[in-house]
Amino acid sequence: MRKYDASEIEPKWVKIWEEEGRHRASDDPADTRPKFYALDMFPYPSGDLHMGHAEAFSGGDVVARYRTRQGFNVLHPIGWDAFGLPAENAAIKRGVPPAEWTYANIEQQAASFKRMGMSFDWSRRLNTCDPSYYRWTQWLFTKFFERGLAYRKTSPVNWCPRDATVLANEQVIQGACERCGTMVERRDLTQWFYKITDYAQRLVDDMEQLDAWPERVKLMQRNWIGRSQGAEVTFTIKETGEEIPVFTTRPDTLWGVTFFVFSVEHPAVRRLAELGGTWDQVKPLLDKVRATSMNSREEVDTKDGVFLGTHAVNPVSGEEIPCYAAPYVLMGYGTGAIMAVPAHDERDFAFARTHGVPVRAVIQPRDGEPMDGDTMTQAYAGEGIMTNSGPFDGEETPASIEKVVKWLEQEGRGKGTVNFRLRDWLISRQRYWGAPIPIIHCPTCGEVAVPESDLPVELPTDVDFELGGESPLARHPSWKHVACPTCGGEAVRDTDTMDTFVDSSWYYLRYCSPDYPDGPFDPAAVAKWMPVGQYTGGVEHAILHLLYSRFFTKVLFDMGMVSFTEPFPKLMNQGQVIYGGASMSKSKGNMVEPMPIVERWGADSVRLIMLFAGPFEDDIDWKLIAGDDPGRRPGVHSWLSRVFTAVGEAAERGFAVAEPEGLVRLTHRTIQWVTADLEAFRINVAISKLQVLTNEIRVALDGGSGAMDAARTLVQLLGPLAPFIAEELWRVDLGQPDSVHVSAWPVFDPVLVMDETVQLIVQVDGRVRDRIDVAADIGEGDALALAKASENAQRAVGEREIVKEIVRAPKLVNLVTRG
RNA sequence: GCCGGGAUGGCGGAAUUGGCAGACGCGCGGGUCUCAAAAACCCGUGAGCUAGCGCUCGUGAGGGUUCGAUCCCCUCUCCCGGCACCA
């Protein structure tokens with residue numbers, strides 16, 4: 001009998017599958033199979049594959065293989081998100097050109113993916129740093145530019161001093177650079193933006209289509225977009241007569257406004273402070289705010305603020321109220337100025353009490369103590385009845401808000417409006433290893449897009465990567481000097497490159513027709529394959545990549561290039577692989593690499609470790625599943641050994657020896673269970689069902705019976721999970737002529753999955769007292785009679801009287817007693 | 001602070017969503033084989049009581065609904081994640 005040796009089996013099949021040209025998605029029009037697009041978030045080539053890759057791609061590969069077996073024409077592509085800072089930083093550190101470092105890592109990862117048995121269509125492989133790809137990234141930029149969706153503006157931006165580049169809002173996590181953790185600084189710079197805010201409403205609305213997304217991801221996107229409905233109301237500055245609009249979600253509190261607050265950075269502040277004679281107090285505050293990074297306000301005190309010496313006029317009451325400048329009002333949201341209602345807003349309340357501003361309650365809760373502005377100790381932000389509000393006294397939220405808005409509009413004092421937290425997407429980066437922004441700055445023509453015929457704008461290779469001063473492209477002696485495409489005069493290229501998230505916002509479209517020469521994608525191929533059937537990847541992309549890709553898709557829809565508005569209707573997030581409760585990292589010295597384990601125990605084992613450890617979405621703590629020795633023999637390897645010998649023995653015995661009926665039934669139930677589990681992506685549970693079947697096959701064989709059908713089924717069901725051992729057993733031991741991975745998914749016999757007998761649970765007062773084997777179609781009367789006849793049940797009832805009989809034939813009888 | 005998601009044996013996790021809690025696996029204990037080890041195989045493994053048939057307790061804590069609650073409702077504790085002056 002052969003022994004299971006993955007190192008002997010697996011490399012053999014890698015080679016054979018490659019020779020046989022497996023896993024190609026078919027673009028043959030004669031192929032009538034329904035399509036299925038199984039997409040994995042493409043990797044960044046930072047080195048060899050890590051555990052996170054092993055988990056995510058194992059899950060994605062199960063989907064692709066399972067759908068293939070179900071008769072779908074499956075597109076399961078792979079590529080690399082190959083631009084980005086690590087390559088450039090490696091170049092600075094080691095003197096290796098970014099391209100060289102990147103391509104070497106890609107080759108390494110590609111080899112590892114093959115070794116792991118990933119069923120990728122290698123003919124479609126792409127990478128974003130290839131000019132044949134970024135040509136179209138640039139082309140898309142020019143189209144966005146034409147539509148006014150790419151524009152340049154000067155504004156305060158997040159600057160990472162360590163990476164020497166600006167960052168998008170989405171790349172700043174709690175005030176720090178997402179990539180290197182350095183606290184970002186704020187700089188006023190002229191930068192390129194994509195106008196994602198134009199799509200804010202649609203990005204919210206279309207989430208309705210995403211029922212098959214994890215709720216938390218949708219929630220994160222909703223919070224990030226931050227839609228709030230309210231009104232814009234215009235206040236007038238008494239001293240100058242200028243009109244300053246504010247945004248509020250509570251126009252019903254307009255009669256409770258007792259002061260007015262500008263953001264310290266508001267353009268009117270300096271003028272008004274000088275007029276009011278308070279500029280010498282405001283200026284230090286402004287300097288302090290400017291010095292603080294944009295996203296972290298931990299050093300800013302809510303109660304900080306300075307009276308400007310000027311006043312605003314409340315448009316509904318005509319009342320004059322003092323104007324303040326305070327850091328708690330943000331310049332980047334709403335209008336940069338607010339009406340303050342201390343009685344009904346926590347922050348306004350704190351500010352008012354500190355600065356001695358009156359508090360006036362204008363909303364009374366429906367029940368409980370009435371509020372008094374002079375004595376209340378905290379703001380009341382809830383719903384209630386309007387008081388001290390002129391014509392609106394007695395109106396109740398939420399209807400009152402609508403009434404006030406309507407009235408403001410009629411009176412011309414304001415209007416209903418919606419505000420978003422989402423800002424435009426800053427896409428310029430002052431670094432080298434990215435797609436150059438295809439814009440030429442001409443002294444006469446202004447910003448001119450590089451014409452399509454001149455694309456791609458290729459990166460020069462003779463570049464000085466050292467950090468400092470200008471970006472590498474800006475420092476290059478000749479690269480930026482070009483003739484203006486419009487007037488032919490002397491002009492310069494934009495020397496910034498695009499955020500790598502731009503590259504990854506459309507790669508899934510390129511896979512549909514990776515060699516298409518006339519555009520970013522062949523519209524017919526995209527119409528065929530998109531949208532994605534299942535998208536698999538890490539939750540760390542919940543906001544960035546997924547939001548940007550959704551935005552791109554909507555722009556392309558508006559351009560008439562695609563016919564759908566959401567690219568990924570179904571999303572699965574795998575958990576993280578951690579060690580001892582902490583994320584794995586080189587600096588912590590707790591890294592466990594997948595490839596050494598593949599070498600030692602086999603790719604099938606590594607895949608199964610990942611898939612069996614728990615639900616796909618949950619984190620895997622390697623220390624908990626493998627103990628202190630990360631190289632220990634995995635439990636799933638023992639199982640595969642048992643599968644290997646059991647199937648081998650069953651094959652030797654063949655069909656000549658009869659199979660027990662119980663095993664036949666279990667086989668069909670296993671098909672039913674595993675199919676349902678894979679449909680629901682409960683892979684860990686599916687594996688446990690296969691283990692049960694394996695155990696029963698073992699029992700049958702040890703009892704001298706045959707197990708050929710069960711063994712064949714086991715191998716077929718195992719295929720998507722452990723492709724190597726399944727193929728070896730299928731083709732060698734079971735002698736099948738073609739690959740198990742193209743065999744039809746087994747179907748169960750509905751008669752055989754039904755139980756003939758079941759265990760009737762007999763309870764007395766809700767406690768289990770007996771279990772009786774009964775026919776599955778037993779009637780209620782018979783079930784009750786059997787239950788009452790049970791000695792154990794009778795003993796439990798004792799002298800008491802049975803007052804109620806619950807019968808749920810054939811599963812359960814519950815006798816309820818009294819006495 | 002606000003918004004989500006959790007909490008089940010020594011560990012990872014099951015439980016057809018109101019009907020046998022702990023499937024399957026890891027680990028551990030005992031055994032077979034072996035000169036020995038590894039591997040493989042067999043038995044046991046929630047806690048307590050009991051010679052035994054069995055009994056009692058048990059799904060973070062407390063309460064409720066129900067014949068019956070890991071599952072539904074209320075209160076609380078702790079853990080994880082996201083956002084954090086967004087007017």
Side-chain angles (χ1 to χ4, degrees), chain A residues 3 173-175 214-224 226-228 230 246-250 253 261 263 295-298 300-302 326-330 332-341 344-348 350-351 381 419-423 539 542-543 576 581 608-609 612-615 617-621 623-627 632-636 638-639 641-642 645 672-673 676 682 684-692 694-695 698 702 759-771 791-792 795-796 803-808 811-817:
Chain A
K3 268 191 83 178
I173 309 297
Q174 298 191 341
E215 271 311 313
R216 63 170 170 160
V217 175
K218 284 196 276 188
L219 198 82
M220 280 162 73
Q221 291 219 354
R222 219 171 263 129
N223 288 344
W224 188 263
R227 180 185 192 276
S228 38
V246 300
F247 174 73
T248 177
T249 52
R250 291 296 298 272
T253 63
V261 191
S263 165
N295 291 49
S296 89
R297 293 298 193 91
E298 71 278 0
V300 176
D301 186 350
T302 313
Y328 84 89
V329 175
L330 303 174
Y333 183 77
T335 63
I338 62 157
M339 57 180 228
V341 187
H344 306 295
D345 181 280
E346 241 179 83
R347 297 150 301 174
D348 296 348
F351 191 91
N419 244 295
F420 293 95
R421 210 189 76 116
L422 183 70
R423 308 294 150 75
V539 73
I543 294 172
Q576 280 191 76
L608 288 172
I609 290 168
F612 189 54
E617 313 80 49
D618 289 7
D619 288 353
I620 296 174
D621 193 328
K623 190 171 182 179
L624 292 180
I625 62 166
R632 189 173 73 189
R633 174 184 162 96
V636 290
S638 314
W639 172 50
S641 295
R642 283 187 296 130
T645 49
Q672 183 184 30
W673 286 333
R682 290 188 302 251
N684 56 323
V685 184
I687 291 170
S688 75
K689 304 285 167 58
L690 293 176
Q691 291 175 335
V692 171
T694 308
N695 294 344
R698 190 68 255 163
D702 290 343
Q759 274 203 339
L760 177 73
I761 304 303
V762 181
Q763 295 183 336
V764 175
D765 296 323
R767 292 169 181 281
V768 178
R769 296 301 179 184
D770 207 354
R771 304 174 175 88
E791 272 181 44
N792 286 345
R795 188 169 52 227
V803 293
K804 199 168 180 181
E805 293 150 348
I806 312 277
V807 184
R808 297 279 181 275
K811 291 172 79 171
L812 175 129
V813 172
N814 187 11
L815 304 173
V816 185
T817 68

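By convention in this document, chain letters (A, B, ...) are assigned in the order of the sequence lines, proteins followed by strands, and residues within each chain are numbered from 1. As a basis for the values below, the full set of heavy atoms in this structure was taken, side chains included, without hydrogen atoms, waters or symmetry mates.
Scanning both residues, A:Ala340 and A:Val261, for their nearest heavy atoms gives CB-CG2, 4.2 Å. Nearest heavy-atom pair, A:Leu608 versus A:Ile687, reported as atom, atom and distance to 0.1 Å: CD2-CD1, 3.7 Å.
Nearest to the side chain of A:Thr249, among B:rA87, B:rC67, B:rG25, sits B:rA87. Among B:rA84, B:rA87, B:rG12, the nucleotide with an atom closest to any side-chain atom of A:Ser228 is B:rA87. Among B:rA15, B:rA87, B:rG25, the nucleotide with an atom closest to any side-chain atom of A:Leu330 is B:rA87. With B:rU56, B:rA23, B:rA87 as the choices, the nucleotide that has an atom nearest any side-chain atom of A:Val329 turns out to be B:rA87.
Under the 30°/60° scheme for interplanar angles, the aromatic rings of A:Phe247 and A:Tyr333 are found to stand perpendicular.
For the C1' atom pair drawn from B:rA21 and B:rU59, the interatomic distance equals 7 Å after rounding to whole Å. If you take atom P in B:rU45 and the same atom in B:rC33, they sit 24 Å apart, rounded to whole Å. For the C1' atoms, the distance from B:rC20 to B:rG31 is 31 Å, rounded to whole Å.
With its glycosidic angle within 90° of 0, B:rG9 adopts the syn conformation. Syn is the classification of B:rU17, since its glycosidic angle stays within 90° of 0.
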Anything under 3.5 Å between a protein N or O and an N or O of nucleotides 79-82 of chain B, put it in a table, one pair a line.
none

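At whole-Å resolution of the value, CG in A:Asn695 and P in B:rC43 are 10 Å apart. If you take CG of A:Asp621 and P of B:rG27, they are 17 Å apart, rounded to a whole angstrom. For the pair A:Ile620 CD1 and B:rC11 C1', the interatomic distance rounds to 14 Å; values are reported in whole Å.
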What one-letter contact string describes nucleotides 16-22 of chain B from 5' to 3', where B marks a base within less than 4.0 Å of any protein heavy atom, S marks contact via sugar-phosphate atoms alone, and - marks no contact? B--BB--

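Nucleic acid contact class of A:Gly334 (heavy atoms, under 4.0 Å, all strands): none.
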